[in-house]
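Here's the structure we're looking at; comments come further down.
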Amino acid sequence: MPILQLDKVTKRFGGIVAVKDISFALEKDEIVGLIGPNGAGKTTIFNLITGVYNVTEGNILFNNESITNLNPVLIVQKGIARTFQNIRLFNKLSVMENIRTVLFREADYNLGQVLIRTPKVAKVEKQLNERAMDFLKVVGLTEYAKNRADSLPYGFQRKLEIARALALEPKLLLLDEPAAGMNPEESLELVDLIRKIKDMYDLTIILIEHHMDVVMELCPRIVVINFGEMLMDGSKEEVQNDPRVLKAYLGEDYAYA
Ligand code: ATP
């Protein structure tokens, strides 16, 4: 049984068809690349899966249950988390607080208890801080825990977004251009990090990425979108060698590299 299934999904914005009749399914533990030229509809697909946009036509199933047009918060609770192409951290909060924002569900005390700071509050707070630190440790950011999020270099902010997504305890993780703005060395580190978290947290992953080296390193299977439509869904070797993909996306340089 697939963990995620898109069945003839279409999204229109007025007259623009951003995503047209897209169907694909992911088995548990897969890591699939989602590629295509700028404006192909990749981020729109993430927005449809996560409930940010309503689907115009079609169906999305998660663990065989329809999540089509559900509230985004419910979709997170069902086990789907994401990172964003344009980093969306709470800039003025510390690195640690950015993780804490998604751990609030575990803070089972009330305002009264907070105001007089009962021992229970102190205990839960300590536990939450430790949990947040655990996630920061996984992405290698513990030493920056007290720094403001926007003081971090770009690559570290992307890792913080990943840590925050992990703190939501997802089963399916959607990564939207995690290597954007990273230098080659940082990209390599990111590849290792994605492998590590996939194993540690038993994740299924969809990766949107323009850095082809990252996609080829991580994804045995790749879905290619072009002008909102499915161009192909195949192994990385098939995709690498398909003339339509080379033409639409990879370009001559990559074809002969
Ligand atoms: P990139 O690689 O540049 O991020 P993408 O493949 O993620 O591109 P999308 O951002 O999904 O592409 O955009 C697909 C199409 O849908 C584009 O033509 C875009 O202008 C359009 N689109 C996306 N969101 C909206 C919106 N909220 N309103 C209108 N059109 C939109």
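Read the numbers this way: they start at 1 and go in the same order the structure lists the ligands and their atoms. Computation of the quantities below employed the complete heavy-atom set of this structure, encompassing side-chain atoms and omitting hydrogens, waters and symmetry-equivalent molecules.
Residues L203 and L160 are members of one and the same hydrophobic cluster, defined by side-chain heavy-atom contacts under 4.5 angstrom among Ile, Leu, Val, Met, Phe, Trp and Tyr.
Figure legend: cation-pi geometry between R131 and F135 absent, as NZ or CZ is not positioned both under 6.0 Å from the six-membered ring centre and within 45° of its axis.
With sequence neighbours excluded, no residue forms a side-chain hydrogen bond (donor to acceptor under 3.5 Å, both in side chains) with D199. Partners of S151 according to the side-chain hydrogen bond (donor to acceptor under 3.5 Å, both in side chains) rule, which considers only residues two or more places apart in sequence or in another chain, do not exist here.
For the residue pair S94 and N147, no side-chain donor N or O sits within less than 3.5 Å of a side-chain acceptor on the partner.
Residues of the protein with a heavy atom under 4.0 Å from ligand 1 are F13, A18, P37, N38, G39, A40, G41, K42, T43, T44, Y53, Q85, E177, H210, listed by chain and number.
In this structure, F90 shares a hydrophobic cluster with L93, the cluster being traced through Ile, Leu, Val, Met, Phe, Trp and Tyr side chains under 4.5 angstrom apart.
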